[in-house]
Amino acid sequence: MEWCAPPARLWGMGGAPEARTTPSRENEMSEKSYRDAIRDAMMEEMDRDANVLIMGEDIGVYEGTFRITAGMLKKYGPKRVLDTPIAEAGMVGTAVGMAMLGLRPIVEMMTMNFAIVAADQILNHAAKVRYFSGGQVDVPMVVRGPQGAGVQLSAQHSQSFESFYAHFPGIHVVAPATPADAKGLLKTAIRGNDPVIFLESAALYGMKGEVPDDPNFTVPFGQSRVAREGKDVTIVSFSRMLQLSLAVAAKLASDEGIECEVIDLRTLRPLDMDPVYASVTKTHRAVVVQEQWKPFGVAAEIAANITETVFDELDAPVARVTGEDVPMPYARNLELLATPHEPEIERAVRKVLYKT
Amino acid sequence: MEWCAPPARLWGMGGAPEARTTPSRENEMSEKSYRDAIRDAMMEEMDRDANVLIMGEDIGVYEGTFRITAGMLKKYGPKRVLDTPIAEAGMVGTAVGMAMLGLRPIVEMMTMNFAIVAADQILNHAAKVRYFSGGQVDVPMVVRGPQGAGVQLSAQHSQSFESFYAHFPGIHVVAPATPADAKGLLKTAIRGNDPVIFLESAALYGMKGEVPDDPNFTVPFGQSRVAREGKDVTIVSFSRMLQLSLAVAAKLASDEGIECEVIDLRTLRPLDMDPVYASVTKTHRAVVVQEQWKPFGVAAEIAANITETVFDELDAPVARVTGEDVPMPYARNLELLATPHEPEIERAVRKVLYKT
Amino acid sequence: MAKAKKESDSAVLDAACAPEWTEILKQMIFIRRFEEATEREFRKGKIGGYLHVYIGQEAVASGIVGALQKGDAVFCGYRDHAQALSLGSDPNRVMAELFGKGTGVSKGKGGSMHLFDVEHGLYGGYGIVGGHLTLAAGAAYAKRYQGSDSVVVCYFGDGAMNIGSFHEAMNMAGLWGHQGMCPIVFVIENNGYAMGTSVERHSALTDLAARVRAYDIAGEKVDGQDIFAVRGVADRVVRQVRETGKPYCIEAVTYRFSGHGAADILQPYRTKEEVEQHRHRDPINILRKRLGEVCGLTDDDVKAMDEWAIERAANAVKFAEESSQPAPDELFADVVAEHGPRPVSEDERE
Amino acid sequence: MAKAKKESDSAVLDAACAPEWTEILKQMIFIRRFEEATEREFRKGKIGGYLHVYIGQEAVASGIVGALQKGDAVFCGYRDHAQALSLGSDPNRVMAELFGKGTGVSKGKGGSMHLFDVEHGLYGGYGIVGGHLTLAAGAAYAKRYQGSDSVVVCYFGDGAMNIGSFHEAMNMAGLWGHQGMCPIVFVIENNGYAMGTSVERHSALTDLAARVRAYDIAGEKVDGQDIFAVRGVADRVVRQVRETGKPYCIEAVTYRFSGHGAADILQPYRTKEEVEQHRHRDPINILRKRLGEVCGLTDDDVKAMDEWAIERAANAVKFAEESSQPAPDELFADVVAEHGPRPVSEDERE
Ligand SMILES: Cc1ncc(C[n+]2csc(CCOP(=O)(O)OP(=O)(O)O)c2C)c(N)n1
Ligand SMILES: Cc1ncc(C[n+]2csc(CCOP(=O)(O)OP(=O)(O)O)c2C)c(N)n1
Ligand SMILES: [Mg+2]
Ligand SMILES: [Mg+2]
């Protein structure tokens, strides 16, 4: 399974992006990597709207540590593709100002770990200025970049930030699991009028999938997706863990006839729980899967919502599959222990089925 | 009820701290405000250990915006009571370095809202350096300060940060609800060997309560407390909302004979759920109360844990009482709508009792 | 530091320009009276939260804003009433904002620290010290990107210069300025203190204008109590920044006569004598005296202005008082764009 | 900027001191060979994560560390192997750390970016650019507070100078320095690039040493390829900082011969010629040539050293290879103090 293979050993070594397919007709699809889907979304929107620009560290001359922006400086020039100093707060803050004045900046974080440095600019400024101005300004901007555990990147470079951001009103938080969603959700983010935290899974950059060619293809926020139908257990996830969940569902179905329904949340804020409730009403059992630390993580919110809303439908407590509650260790053996994998998901499915 | 009265209209106007009682014998108690309990804890520990020092904005010459540090500069001198520039990242970062070298710095944030600026220094440095150094350093430090909704402080100055910090391993997160706990937990924080995020409720600074005089009185981390016994419903809370919960419990008991058991979590990390499970096993119903936004907040984690662990004991889904999911508005009428109050807690209790 | 002597004189004061300066005096008197009214209303409990007034610093707001034109944008900290009034915001609506009323400039949702009036060029009012500097630098980039010749003015205090976002904003502005892409005037409101911490105690280098050289940005000091000096520098600098697209920094040396905020009663960090001393250089008196000397402005003229100002401030209070609180459903408005992405409910789902 | 000419000469090189300098040459050759080995092992997949080597910059680590004494503390970024080796860390354990083995200096939990060896004065190894500067400033304060005369050395790159925490650290160090409470030497490893962004493109003011004047901190440039120059400045500066408790900043102008990290293959930001040009000023050759001229060091002497270095690096690889991975329960160790507050289980509860 390509997407659960270890990511390119070094994030920076992703190889050159593929040549872009020429724009083609509606309803047609092309096979694209998650990386190229992101790149296509940005370039299509830059072609469409001169207000869209991108800024970040080493996105221009260096062509991006993940090469997502390769060739963009050449195509759009230095006024639209801005190499910045190492100044994440500065990048986000200036983007807020640009957005208030009508531009649509995309800020690429080399990795989302560095965005913590910009937390104040995101959480106290981008997320709130519309509100405390009484709605006088739009803040159309995207902060995007890779996150999640890689291979031996250690404690400061391996984190995921869904719950960190999604706690705060005033921003949208997106975490796509497929190339098509990466593209469609990013286009929605760029066209929207609010700050969007767009959390890419570095480990999925190489994953391929069918992506609609239609340049007006977008995926709306707040629409969870049934990624696989099933009747026995509901698995709720997003981003890379969605792919692991699908693998487990496929295995359990073929090996043991256990039919998991797998739901992809896509966006954590807005959070669309309705398909989850509908599913649990059918399966009566739920497992929530996330990569990051358990305490105060995404899975807690999902589990609490399920219990709150469809309590009487539940035949078992909602199970959470999460990373271990430790800073990410460097040693590969410890790192593998720290992150959730298929066996843990499988175990959780059995647990809610009382098949242990 | 003093503690649910609006806080001193302006946080900065807390008045002078009371004269400290002379150290007295074991087992004796004095009535103290939450503010003075914090102040006493710091001064006793500074008296006890020369490695303890305090730094912050306007804590010395200005004597602290909440006057918690009034007189300390005079008593301990400028090497132990450091007025810093407006540089929260600098304050926290330098404290980490001091702590690694054996000092025990206390960093006072004027309000915890400003600590977002220091998020990287807290979450990527203080919380992780012990781990990625393979345990070569202790990081004994406290970041403390007031938080929570005040009166019309608007969106950037009204936030609570329990779930924001408690998601991250490597730090302890404390949120005391009473003067005694404020003192006892802060002393544990100062004597410990890890970074502690000590979240004070600005609205409780004036609240009075009995505090042990014993200078060795401490309250351990990770020990939730049954603040009121009851048999009908378990209310789980912490910090100021614990006091509101107790008020509701008292009212419901005297008016209607509904006996709520109220549990004070005291520390969110480590989180001690055992008394909660024991209580729910008795009451079969639980309400969790927090001041901050519902999505990805503390109450989700508590609710998820309860459901996970004592699912079969529950006669109703766990209810969450939280603030509204909006940046804090300035206008007083909107602010009152945005924050949870006794009626909402009461309503939640009735809901889990199916008495609506 | 170059002294702004020449400009001070170049702001020629003669019969021809007397009406303009008289108008400026009137505005400054009004700002003073307005601020005094806010302090009173705060003490009465009509204004909540934090309140930071501009008393003593009026020439800095009026002097810089006077050099601006339509399309220019202003960002400032929480000490923002004077900027709003100088830019032409309706005083009634500014006061209503402080009262938390729905008629306020920010619909009552921002309060004293978050005045916004985009129509008049005011892009806020921010409460995190230094946090708005990066926003302002980005706004300046946007102006040039959009092909406009507008400039951005960003006000901040001496204390704000020590926080990281100051540094990042300055370096980025400096770099963008090399490409002519950052038409911004940074205005240091150096009132000697960050809350209770004096400049010598919070800044390793106390020559604040000199600090911006580290970013290849030119800076100069100006006497912030002398509106002639401020306006003179501002006229020149704003013109230059508009032409070049390069940032510039003005350090206005001023003093706040009131406490840091309404809660700063004791003021243990300064003596009454120190404050008294600075009151001798009240920016309103400096302008008034000069207008008296050169244009024959009389005490009666000033008295009339003052009465007008007091009444106008009182009217603003009355307007604020009589306005309604925001409607309850305002609580949920303006969190995210109503015209942007939003959750899709079941029936809308395809 | 004052040139460090005099010190360069004052690091007298004659028969008397030849053994010391020969030892330094040996160390630098070893660092080079060690780094080359890490690059090879990285390509073999034995080393994971990010790998940033010091090739070309060796004189900066060796030259500054040489001026230190026991009790001094060193903080650096992720480009930290050379500092560890210069401070006397066991190369076997450094290599084992890169291999993620339990015998590593940080027990295999930190990796290349997080080398720690507190016993030898190394306080890490940090991965967030600029994040460690504040830590180092605090450590310097602690040293004085504790009454010691130790100093702290803080290494960082040219790119790190643009992030907020640089600014906050510098201003606080400057202020504490006024009280003699901040004995720290800031060392800018100016290798011309932050990843692929040249100094002119990331720093509005390219004279980096001059930037620290904004914090009332003295700074000077030194030729970072010339170990005599570096050591000369370091000896003087470290002595001065130890005496005064005031911060000082050394800008070591250097160049990295390898890519930014092991993944930086294409290097579109610089030409092969540029790299070639700088290779003519290889710090090892500069020292080697000088020792040949003055002390008669022969090619055979150097060859012997080199063989020793290659073997020692190979031994480190062997040691690392043969060491065991950390025990699984190490996963949960060192998150918080085992000797500090911790959750209390039911039976311990009173
Ligand atoms: C990041 C941050 N830290 C602390 C504060 C609290 N605070 C509000 S105003 C202020 C002093 C600011 O001084 P200065 O920049 O000189 O502006 P002035 O008030 O003198 O106009 C402080 C410390 C804050 N609002 N934000
Ligand atoms: C806050 C932050 N932003 C971005 C990065 C990614 N990054 C790692 S090293 C680096 C370049 C640093 O350049 P410099 O400070 O000059 O050090 P050098 O690598 O040249 O030694 C960047 C951008 C990071 N680690 N931390
Ligand atoms: Mg000031
Ligand atoms: Mg560099």
Side-chain angles (χ1 to χ4, degrees), chain B residues 6 8-16 56-67 70 73 78 82-91 93 110-111 113-114 116-118 120-121 150-158 293 324-338, chain C residues 42 45 47-51 78 97-102 104 106-114 126-131 157 159-166 193-198 201-204 259-269 325-328 330-335:
Chain B
R9 258 195 80 252
L10 246 200
W11 279 4
M13 288 178 92
E57 292 156 14
D58 285 311
I59 62 167
V61 171
Y62 192 90
E63 305 206 283
T65 38
F66 291 87
R67 301 194 57 72
L73 173 61
L82 285 81
D83 273 329
T84 68
I86 303 173
E88 281 78 8
M91 284 155 57
M110 200 175 279
T111 85
N113 299 283
F114 311 140
I116 301 186
V117 177
D120 172 72
Q121 302 276 287
V151 178
Q152 293 189 263
L153 304 178
S154 311
Q156 293 184 321
H157 287 74
S158 302
W293 307 299
E324 293 292 352
D325 191 24
V326 301
M328 190 63 76
Y330 171 76
R332 184 64 181 154
N333 66 322
L334 299 182
E335 184 177 54
L336 287 170
L337 292 172
Chain C
F42 182 89
I47 294 174
Y50 296 127
L51 182 83
Y78 44 85
E97 186 61 36
L98 309 192
F99 274 60
K101 298 301 180 71
S106 309
K107 296 206 284 187
K109 292 162 98 162
S112 166
M113 296 193 291
H114 304 301
Y126 297 84
I128 305 297
V129 168
M161 294 183 71
N162 303 315
I163 199 154
S165 54
F166 162 84
Y193 293 92
M195 207 166 273
T197 306
S198 62
R201 298 183 68 241
H202 70 57
S203 185
H260 164 74
D264 179 17
I265 313 286
L266 305 177
Q267 304 185 21
Y269 52 88
Q325 288 185 317
E330 274 297 327
L331 182 61
F332 299 103
D334 307 320
V335 179

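First the proteins, then the strands, lettered A, B, ... as listed; each starts at 1.
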Worksheet item: C/F99 versus chain B, heavy atoms under 4.5 Å apart: side chain, backbone, both or neither?
Response: backbone
Item to complete: Counting only heavy atoms closer than 4.5 Å, note whether C/A327 contacts chain B via side chain, backbone, both or neither.
Response: backbone
Practice prompt. Could you tell me whether a side-chain N or O of C/N162 sits under 3.5 Å from a main-chain N or O of B/A87, the two making a donor and an acceptor?
Written response: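 Checked: no pair found.
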Worksheet entry | Heavy-atom donor-acceptor pair, B/N333 side chain to C/P328 backbone, under 3.5 Å |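 Checking the backbone N and O of C/P328 against the side chain of B/N333, no donor-acceptor pair under 3.5 Å is found.
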Fill in: Candidate pair B/Y330 and C/H114, rule ring-ring contact (aromatic ring centres under 6.0 Å, His included), full reasoning
CA-CA 9 Å; B/Y330 171 76; C/H114 304 301; 8.8 Å; no
Compare every heavy atom of [Y] with every heavy atom of [X], then report the nearest pair and how far apart it is.
X	Y	value
C/A194	B/D58	O-OD2, 3.6 Å
C/I128	B/Q156	N-OE1, 3.3 Å
C/G100	B/A331	O-CB, 3.3 Å
B/V326	C/L331	CG1-O, 3.4 Å

Worksheet item: If you tally heavy-atom pairs under 4.5 Å against chain C, which of B/M328, B/E57, B/E324 wins?
Response: B/E324
Side chains of [X] and [Y], heavy atoms from C-beta outward: is any pair under 4.5 Å?
X	Y	result
B/H157	C/M113	yes
C/V129	B/M110	no
B/P85	C/T197	no
C/M195	B/T65	yes
B/E88	C/I163	yes

Worksheet item: Once you round to the nearest 0.5 Å, how far does CD of C/Q325 lie from CG of B/L334?
Response: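 Result: 7.5 Å between the selected atoms.
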Worksheet item: If you measure from CD on B/Q152 to CG on C/L98, what distance do you get to the nearest 0.5 Å?
Response: 10.5 Å
Worksheet entry | Contact class of B/A338 relative to chain C, heavy atoms under 4.5 angstrom | both
Discussion item. So which residue, C/P268, C/P326, C/G159, ends up with the most heavy-atom pairs under 4.5 Å with chain B?
Written reply: C/P326
Fill in: Worked verdict on C/R201 versus B/V61 for side chain to side chain contact (heavy atoms under 4.5 Å, CB included)
CA-CA 10 Å; C/R201 298 183 68 241; B/V61 171; 3.3 Å; yes
